[in-house]
Structure formats: C-alpha cells, structure tokens
Amino acid sequence: MVYIEQLQQFEGQTVTLKGWQANMRESKGLLFIVLRDGSGFCQCVVNLEEVGEDVFNELKALSLESSMELTGLVKKDDRQIGGYEVQVTNGKAISASIDYPIAKKEHGVDFLMDKRHLWLRSRRQWALMRIRNAVTFEIHAFFQNRGFMQMDAPLLTPNAAEGTSTLFDIDFYGRPAYLSQSGQLYGEAMAMAMGRIYTFGPTFRAEKSKTRRHLSEFWMIEPEMAFFDNDMNMDLMEDMIREVVTKVIEKCRFELTEVLERDLTKLETVAQKFPRITYTEAVHILKGNQAVNGKTSIEVLQDDLAALQKQIADNETEIADKQSQVDAGGIKKGKLNWLKNKIDQLKVENKELQERADNIPQWLESAKNFTEGEDFGGSDETVLTRLFDSPVMVYNWPTPIKAFYMKEVEGDPNFVKGVDLLAPEGYGEIVGGSERETDIEVLLQKIKAHNLPQEVFEWYLDLRRYGSVPHSGFGLGLERLITWISGTRHIRETIPFPRLYGRVEP
RNA sequence: UCCUCCAUAGCUCAGUUGGUUAGAGCGGUUGACUGUUAAUCAAUAGGUCCCUGGUUCGAGUCCAGGUGGGGGAGCCA
C-alpha cells in the first residue's frame, strides 16, 4: 500500500491506494474519482474498457466519502492537484457512504460545527490540521535544538490564583479545584530545577467570550528560563516566531497557497527585525500623535476606510451588472448559475466589508480617546498592528494592569517588564510574557495589593527564598499563531474539536 | 452581563405595501455523454416557513415573548 504523498516516487509504476472518495465526475465509460487518504488528494481515472463492467459499476455506485481500494498506474499530470494521476486497473469498494451530509458547496458555520467530526475530512480543514501539526513540530524542534526541556504543568490547580480570569471549577474529592488557566507559576519552579524548560499543553478559560479569537480550551506553550532578563526573553520570542513561521512556509507551501490561498508575502516579513516599542510609545502611535513610516494611525485608518468603501461600490456595480444580465434572460443554464453564484458571493463579501467599514470610525474614536494607563482593547491592537507589516513587540507596561509576578522596571515602579507580541493584519496578541519579580519583599507587597491569599503562594515564594535568580518566560497561544499563519478568519477552525462558549460537542 | 444581526427543502439562499397552489441553485435518485476539474444536459422526489401567543377576512411576511445561532464589548493566548 502506497500513500498519495509518496506518488512521485512511483511514477510509471503500479500502486494500490486506499482512501475515501472526495469527489467523483462521470462520463460515458469513464469515472474521475478524487481520492483522499489523509496524506493528500489524487485523481484516479477509471476506464470501463480497462477494468471491466463489474469493477466499473461497483465504483460508479459509490457516493461521496465512500471508502475504497484502487490499483493503477501512476502518471505525471500537471493539471491535477498534487501533480499526479492514477490510471486505475483494478479496484473495489471497502464501505459505501450513503447521504453524506456535507455537500460540495458553501455551508453555514453552525451546520459545519455540528458536523465537525466529518468537516475535518474536507480539503480546507485537512490543510489547517497539517499546518497545525507542522507548527507543533517546529515549536518542539526550536526549543529542543536549544537545550530546553519539555515539562508538563498540572491541569488541576487548588486555587484561582492569578486573580483576573474566570476559571472552570470542579469537585476534587470534596475540595474545590480548578482547571488551569496557565502553567506559568509551575514553570518557574521547573526552571529553577532544570534551567530552561517549556510546557506544551491545554489551558482553560471560563470567560463567556464569543469572538473569532477566543476558545474555552486551547493549547499554550510556556517557556521559562533561569538567568534571562526581558531583553533576552524578547530575543527568544522573536527567534522562535521567525523560525517557526519560516519552517512552516517551507513545509506547508501547498496547503498555504493552493488550498488556503494565503498571501505568503504577508508572512515573509518575519525575516525583518520585529519593531520593539514601549507601551508609552504605543499609546502615542495609537492616538495618532506619532507617525510610523511617515503615516499616523488616523491617516492609515482613513485610507483603509476609503479603500473599503471603494471596494464595496465596485462590488455593487458588479452585482448590478450581473443581475441585469440575469434579468435580460436568454442565457444558457450553466452561465446563469455561474452568474447567480457570483452575485451571492459578492453579496456575502460586501456584508463583511460593510461590517469592517462600520467598525473603522468606532476604532478611530476609541483610539483617539484612549486613556493612557489602560490596557489595549482588541480594536486598539488592530489599529496598532495595522501600522506595521511585521509582528510588533510592546514592552514596559503600566503596573496596575499587569499580573502581580511581573518585575518592576528599575527606578520606575509605575511600569513592569511585561511584553506582548502582536501579529500583523489585525490578528492581535499571540504571545504575552515578562521578566518575573525576584525580590520576595516586592512580591509579598504585590500579593497584598492584588488581594491574593498569601498562603497558597508560599511554595511560589520559596523559589525566591532559596537561590532566587533573574528569570523570564512567555506564553504562546498555539491556535492564535496558527490562525495568523494560515490567514483563517476564525480560531475555531485551527483546533480539531473546538470548545467555546456554548459548545462542547461533538 | 451588555450591544447588534439572523432563523424558509438535507445544504446555501430568494420570497414585492400582508393575498389564493411557497421558489431557485447545490446535494439525492434516474437517464444521456470516453478527459472531467464545483463537469455539463434532461427528468424526478423533497416543506410543521424555529416555538408560543396576538393583530387581521387572511400571516413565511406585522407585533410581543421565548429558544437556538452569528458578530462585537468586557477578559485574555
């Protein structure tokens, strides 16, 4: 048995493929079966004269997603997806699929989410899962090649410690416990034992977020390094993003460009040095008081709005034009359908464009009126990243809006050494990190200031009692990184079985 | 928790100021066609118009409440 991705090694030879019918077209005496086997897609041509009536009729009767075994000659054919075609000499059904619910057309989100277990078979989801796998692999490779040790933090924790987030609570043998929102504090303990570590596991957030960048269960990578200050932390962050993105482009070029139609030039900007700006600079830029590459945020947004409005107007013209062709009548059925579909597509596109156009004035208003000292909202991140074409790092944040464990900037307790990495094109925050506070007195004070119970942090404070050292780390949101790399509109497509507000099934 | 939009065939949608027997495409089935790329062409089956109540001679359409869902705010990766 041979897998589709290996076909290039078998050109001119006869192979046996096993897989599922992803599509079939038929003509008199000919079947064109697009077979998928998980490793790829391949058109297999069944000729009545070649295989005989029995085999031909058996394969012809199969519908979408039936499983089968096909044997045939591998032939190079540049017109085909994957570049090869199999000319079938024999084949048989393994199991028929009847009334497969997902059709070869556009579906609504709700329907597809209910059918997620089947949706994963479609080409777009196949590409996304392959990219997810490549991202996971390259993250491990990056850390392993640098001597980091992978260690797992517990998923069950005794307290809702860090304060802000809402956590899922469970009954742990009669005691309250929570699903972990972060492995970071444990990561610090492990770094004090192993030097440089990283965790790679699921985390849980119980916020009732219904947006395209939130999941209730997602995977996070949290490196933690002893003897790293925040500059070294930012260097590592930047190297990691650059290397992972570059390798994934290399490995998944077909998935990105052919299936997802991702504009790779938008990703290739990771080769540049990532701009590093302080929170204070970011505020000036956001409010339009400081230009980037000769343009202020206000100018860029106004240009964007004008471009959007022009696009919408152009689409409307096209819709009207096509509609008048339809109304005029006398067109062949195929052409008519094509026109109708095009009109529907343009209408959907305009709905989305209009939504974005409606948002821009609000973003502008929110950016102009931003109060220095507050945290950035989703739209603020979008505005900020819109000005840069590579990822941006924002560091030195106001103390009150950040977690208790972040180290104060030397000589200025109003700021802490936190850093967020924002992805371009509006994808927003994909990494958050900081240098950690090492001074036990400062930590004790912060724990009080944040109204946190000191007893549950005694073990954490021990890390400062016994050989405290400067250390830093960050948390990378796996699905957010994949969403950006793949150019996907919604984060839910980047994880096999998404858990989000209002959904635990399938 | 708040704001906003949506619910019509298996799926994606249209349905005029409220009017008689609710439509199209895709998908399914049957047939035609020996190189198709969302193939094409012909025929055919397929409906509790989300639920409850109201207005009206008459409701898919208007009103109220509910349910489910999309997008966003807050929070964050």
Side-chain angles (χ1 to χ4, degrees), chain A residues 22-34 41 43 45-50 61 63-64 77 79-81 85 87 98-115 123 162-166 181-182 184 202-222 326 332-341 343-345 347-348 351-352 355-356 358-359 362-363 366 375-379 381 401 403 420-423 427-433 474-484 489-492 501-503:
Chain A
N23 196 6
M24 178 165 74
R25 290 172 285 270
E26 50 174 304
S27 183
K28 186 181 169 94
L30 278 179
L31 300 176
F32 300 94
I33 298 171
V34 176
F41 295 80
Q43 173 164 286
V45 185
V46 185
N47 191 321
L48 174 62
E49 288 173 10
E50 192 71 40
S63 61
L64 209 58
D77 186 340
R79 290 170 302 179
Q80 304 309 331
I81 183 168
E85 175 179 281
Q87 295 179 329
I98 295 156
D99 293 337
Y100 186 69
I102 300 178
K104 296 182 288 185
K105 71 182 304 291
E106 282 199 31
H107 290 281
V109 188
D110 193 37
F111 175 78
L112 289 171
M113 290 290 283
D114 284 341
K115 301 277 180 289
R123 189 180 289 189
E162 286 176 48
T164 50
S165 305
T166 323
Q181 58 152 338
S182 159
Q184 188 215 306
T203 46
F204 306 89
R205 303 280 166 88
E207 278 106 12
K208 293 176 179 174
S209 303
K210 271 175 74 175
T211 82
R212 61 185 62 174
R213 20 171 231 293
H214 288 90
L215 291 167
S216 299
E217 177 186 299
F218 64 96
W219 289 66
M220 190 152 68
I221 295 91
E222 293 181 285
V326 170
K332 275 171 95 178
K333 204 170 172 187
K335 172 86 171 168
L336 191 69
N337 287 341
W338 184 83
L339 283 170
K340 282 182 177 170
N341 266 320
I343 290 170
D344 284 351
Q345 269 177 25
K347 278 186 183 169
V348 170
K351 254 186 211 167
E352 280 175 19
E355 205 174 286
R356 275 159 60 190
D358 291 345
N359 277 335
Q362 293 171 31
W363 292 355
S366 146
D375 206 351
F376 297 126
S379 73
E381 284 179 359
I401 60 170
D420 282 359
L421 186 144
L422 308 177
Y427 283 96
E429 184 179 355
I430 55 176
V431 182
F474 59 84
L476 163 72
L478 178 66
E479 288 79 11
R480 285 202 179 165
L481 176 60
I482 299 168
T483 306
W484 167 51
R489 287 190 58 74
H490 201 297
I491 196 167
R492 69 185 148 217
Y501 178 53
R503 179 176 290 275

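In what follows, chains are A, B, ... by sequence order, proteins preceding strands, each numbered from 1.
- Here the separation of B/G23 from B/G47, taken at their C1' atoms, is 11 Å to the nearest Å.
- On the C1' atoms, B/G68 is 42 Å away from B/G31, given to the nearest whole Å.
- Counting to the nearest Å, the P atom of B/C76 and the CG atom of A/Leu421 are 18 Å from each other.
- As judged by a 4.0 angstrom heavy-atom cut-off over every strand, A/Val431 is placed among residues touching the sugar-phosphate backbone only.
- As judged by a 4.0 angstrom heavy-atom cut-off over every strand, A/Leu476 is placed among residues making no nucleic acid contact.
- Residue contacts shown for A/Phe111 are limited to sugar-phosphate atoms, with no base heavy atom under 4.0 Å away.
- Between B/U61 and B/A38, the distance separating the two C1' atoms is 34 Å to the nearest Å.
- A donor and an acceptor atom sit less than 3.5 Å apart, one in the side chain of A/His214 and one in the base of B/C76.
- The shortest non-hydrogen separation linking A/Arg205 to A/Gln181 is NH2-O, 2.7 Å.
- Among B/A73, B/U36, B/A77, the nucleotide with an atom closest to any side-chain atom of A/Thr211 is B/A73.
- Heavy atoms of A/Glu85 sit under 4.0 angstrom from at least one base atom.
- At whole-Å resolution of the value, CD1 in A/Ile98 and P in B/U29 are 10 Å apart.
- Annotation: the span from A/Leu478 atom CG to A/Thr483 atom OG1 amounts to 9.0 Å, rounded to 0.5 Å.
- Comparing the same atom, P, in B/U67 and in B/A9 gives a spacing of 22 Å after rounding to whole Å.
- Contacts of A/Glu49 with the nucleic acid, taken as non-hydrogen atoms under 4.0 Å apart, include base atoms.
- Backbone-only contact: A/Arg492 has heavy atoms under 4.0 Å from sugar-phosphate atoms and none from a base.
- The CG-P distance, from A/Asp114 to B/U12, rounds to 11 Å in whole Å.
- Taking the side chain as every heavy atom from C-beta outward, A/His214 and A/Lys208 never approach each other to under 4.5 Å.
- Summarising the geometry, the separation between CD on A/Glu207 and C1' on B/G74 is reported as 9 Å, rounded to the nearest angstrom.
- Between A/Asn23 and B/A39, a side-chain N or O to OP1/OP2 separation shorter than 4.0 Å is present.
- Rounded to the nearest 0.5 Å, atoms CD1 (A/Ile430) and CZ (A/Arg213) are 13.5 Å apart.
- For the pair A/Gln43 and A/Glu381, both in contact range of RNA chain B, the more 5′-proximal nearest nucleotide belongs to A/Gln43.
- Across B/A43 and B/C51, the matching P atoms stand 33 Å from one another, rounded to whole Å.
- When distances run from any side-chain atom of A/Leu215 to the nucleotides B/C33, B/G71, B/A77, the shortest one goes to B/A77.
- Distance from the side chain of A/Asp110 is smallest to B/G69 among B/G72, B/G69, B/A77.
- In this structure, A/Leu64 places its CG atom 7 Å from P of B/G28, rounding to the nearest Å.
- Using a 4.0 Å heavy-atom criterion, one finds that A/Gln87 contacts the bases of the nucleic acid, with or without backbone contacts as well.
- Distances from the side chain of A/Gln80 to the nucleotides B/U34, B/U37, B/C75 place B/U37 closest.
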Reading 5' to 3' and counting Watson-Crick or G-U wobble pairs with both distances under 3.5 Å, write the dot-bracket notation for RNA chain B, | for bases paired outside the strand. (((((((..((((.....[...)))).(((((.......))))).....(((((..]....))))))))))))....

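- Taking 3.5 Å as the limit, the base of B/C76 and the side chain of A/Ser209 contain no donor-acceptor pair of atoms between them.
- Straight-line distance from the CD atom of A/Glu222 to the P atom of B/A77: 9 Å, rounded to whole Å.
- Put simply, CZ on A/Phe474 and CE on A/Met220 are 11.5 Å apart, with the number rounded to the nearest 0.5 Å.
- Inter-residue side-chain proximity for A/Arg492 and A/Val109 is flagged as met; some heavy-atom pair is nearer than 4.5 Å.
- When all heavy atoms of A/Ile491 and A/Leu215 are compared, the pair lying nearest together is CG2-CG, 3.9 Å.
- Along RNA chain B, the nucleotide nearest to A/Lys28 and the one nearest to A/Ser63 differ in position, and the one closer to the 5' end is contacted by A/Ser63.
- As rounded to the nearest Å, B/G74 and B/A22 have C1' atoms that lie 44 Å from one another.
- In this structure, A/Arg212 reaches the B/G72 phosphate: one of its side-chain N or O atoms is under 4.0 Å from OP1 or OP2.
- The closest side-chain heavy-atom distance from A/Asn47 to A/Gln87 is not below 4.5 Å.
- Annotation for A/Gly475 and A/Glu222: closest pair CA-CG, 3.8 Å, computed over non-hydrogen atoms.
- Residues A/Arg25 and A/Gln43 are in side-chain contact: their nearest non-hydrogen atoms beyond the backbone lie under 4.5 Å apart.
- For the pair A/Met113/A/Arg503, a side-chain contact is recorded, criterion being any heavy-atom separation below 4.5 Å from C-beta on.
- Side-chain to base pairing of A/Glu26 with B/U36: no donor and acceptor N or O lie closer than 3.5 Å to each other.
- One atom, CG of A/Asp99, and another, P of B/A45, lie 18 Å apart when rounded to the nearest Å.
- At the phosphate of B/G70, neither OP1 nor OP2 sits under 4.0 Å from any side-chain N or O atom of A/His490.
- In this pair, A/Phe32 does not lay its aromatic ring on the base of B/G35; centres under 5.5 Å and planes under 30 degrees do not both hold.
- For A/Arg213, whose side chain is taken as the heavy atoms from C-beta onward, the closest listed nucleotide among B/G35, B/C11, B/C75 is B/C75.
- Atom P of nucleotide B/G27 and atom CD1 of A/Ile102 are separated by 15 Å, given to the nearest angstrom.
- Rounded to whole Å, the C1' atom of B/U17 lies 29 Å from the corresponding atom of B/G25.
- Spacing between B/G70 and B/C57 at atom C1', rounded to whole Å, works out to 39 Å.
- Between A/Arg480 and B/A77, a side-chain N or O to OP1/OP2 separation shorter than 4.0 Å is absent.
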